[in-house]
Amino acid sequence: MANNSVPQVKQKFDMIRQLRAEVDVVKSEAEEWKKNMDRLTSEKETARTQLASAEAQLRSLKEKAIVYAKKIKEFQSQLSSANSDRERLNTELAAAKSEVEKTMANADAIVAVY
């Protein structure tokens with residue numbers, strides 16, 4: 001019986017050694033997976049931070065664009081008003097020139113009579 005148990009013990013010992021080697025491989029793979037998961041988690045957080053920053057910049061640019069659009073409308077309104085004023089003044093100037101020409105013609109006629 002002692003002869004029979006030695007090979008069995010050796011066989012079990014070899015199996016234990018083989019299983020430990022397999023466990024070491026699985027542990028190594030698990031550690032590699034954990035490192036990859038940690039790296040991916042870090043990359044995910046970095047991406048979220050960058051996205052939040054881009055969204056904040058986009059909101060800021062949108063707000064600026066709204067302000068600029070309002071200013072452009074105000075400037076367009078002022079330009080339209082200035083153009084209307086210029087046209088009105090041109091009309092008044094033409095009327096004044098006509099009045100001056102009439103007055104000059106009347107004055108010339110009066111001077112010619114005397």
Side-chain angles (χ1 to χ4, degrees):
M1 221 174 170
N3 285 344
N4 194 15
S5 65
V6 171
Q8 286 177 349
V9 169
K10 186 178 178 193
Q11 184 181 13
K12 287 182 182 181
F13 182 72
D14 288 343
M15 186 178 280
I16 289 171
R17 195 175 352 178
Q18 182 182 356
L19 290 174
R20 281 186 179 165
E22 289 178 17
V23 166
D24 288 344
V25 168
V26 169
K27 281 182 180 179
S28 176
E29 289 175 354
E31 188 62 33
E32 195 63 33
W33 279 99
K34 185 180 181 306
K35 286 178 186 176
N36 285 337
M37 288 172 54
D38 290 345
R39 181 181 51 80
L40 290 173
T41 299
S42 175
E43 289 175 2
K44 177 180 162 185
E45 289 304 314
T46 299
R48 281 186 177 166
T49 301
Q50 290 172 342
L51 178 61
S53 175
E55 287 173 341
Q57 289 175 348
L58 184 59
R59 277 192 300 278
S60 175
L61 290 173
K62 184 177 179 181
E63 290 170 3
K64 286 179 182 179
I66 290 170
V67 169
Y68 290 144
K70 287 180 183 178
K71 285 183 179 182
I72 288 170
K73 284 185 180 182
E74 289 174 12
F75 290 147
Q76 286 174 333
S77 175
Q78 290 173 2
L79 179 60
S80 177
S81 176
N83 283 336
S84 294
D85 288 346
R86 187 188 70 202
E87 289 175 10
R88 181 183 50 78
L89 290 173
N90 280 338
T91 302
E92 288 177 11
L93 178 60
K97 281 182 180 180
S98 176
E99 190 63 34
V100 166
E101 288 173 359
K102 286 180 189 175
T103 303
M104 289 294 288
N106 287 341
D108 288 343
I110 292 173
V111 169
V113 169
Y114 290 110

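These numbers were taken from a predicted model, which means no experiment stands behind them.
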Do any side-chain atoms of residues 61-76 form donor-acceptor pairs under 3.5 angstrom with protein atoms, and if so which ones, sequence neighbours left out?
none

Item to check | Note, Asp85 side chain near Ser81 side chain (heavy atom, < 4.5 Å) | outcome: yes
Item to check | Donor-acceptor under 3.5 Å (Ser28 side chain, Asp24 main chain) | outcome: no
Next on the checklist: Within the 4.5 Å heavy-atom criterion, are Glu31 and Lys27 side-chain neighbours or not?
Outcome noted: no
Next on the checklist: If hydrophobic residues (ILVMFWY) are linked whenever their side-chain heavy atoms come closer than 4.5 Å, directly or via other members, who joins Met15 in its cluster?
Outcome noted: Leu19
Next on the checklist: Going by salt bridge (charged side-chain N to carboxylate O under 4.0 Å, His left out), name the pairs with one or both residues in residues 49-58, residues two or more places apart or in two chains.
Outcome noted: none
Checklist outcome for this item: Residues at least two apart in sequence or cross-chain that pass side-chain hydrogen bond (donor to acceptor under 3.5 Å, both in side chains) with Arg86, listed by chain then number, are none
Hey, can you pull the donor-acceptor pairs under 3.5 Å for the side chains in residues 96-106, sequence neighbours left out?
from, atom 1, to, atom 2, distance (Å)
Thr103, OG1, Glu99, O, 2.8

Checklist entry - Does the Ser84 side chain pair with the main chain of Ser80, one donor and one acceptor, at a distance under 3.5 Å? => result yes
Item to check | Gln11, CD atom: more than 12 neighbouring heavy atoms under 6.0 Å | outcome: no
Item to check | Pairs where residues 10-20 contributes a residue and the test salt bridge (charged side-chain N to carboxylate O under 4.0 Å, His left out) is met, not counting sequence neighbours | outcome: Asp14-Arg17
Checklist entry - Which residues pass the salt bridge (charged side-chain N to carboxylate O under 4.0 Å, His left out) test with Lys34, sequence neighbours left out? => result Asp38
Item to check | Partners meeting salt bridge (charged side-chain N to carboxylate O under 4.0 Å, His left out) with Glu92 (sequence neighbours left out) | outcome: Arg88
Item to check | Test salt bridge (charged side-chain N to carboxylate O under 4.0 Å, His left out) applied to Glu22 - qualifying residues, sequence neighbours left out | outcome: none
Checklist entry - Listed by chain and number, what are the side-chain hydrogen bond (donor to acceptor under 3.5 Å, both in side chains) partners of Glu43, not counting sequence neighbours? => result Arg39
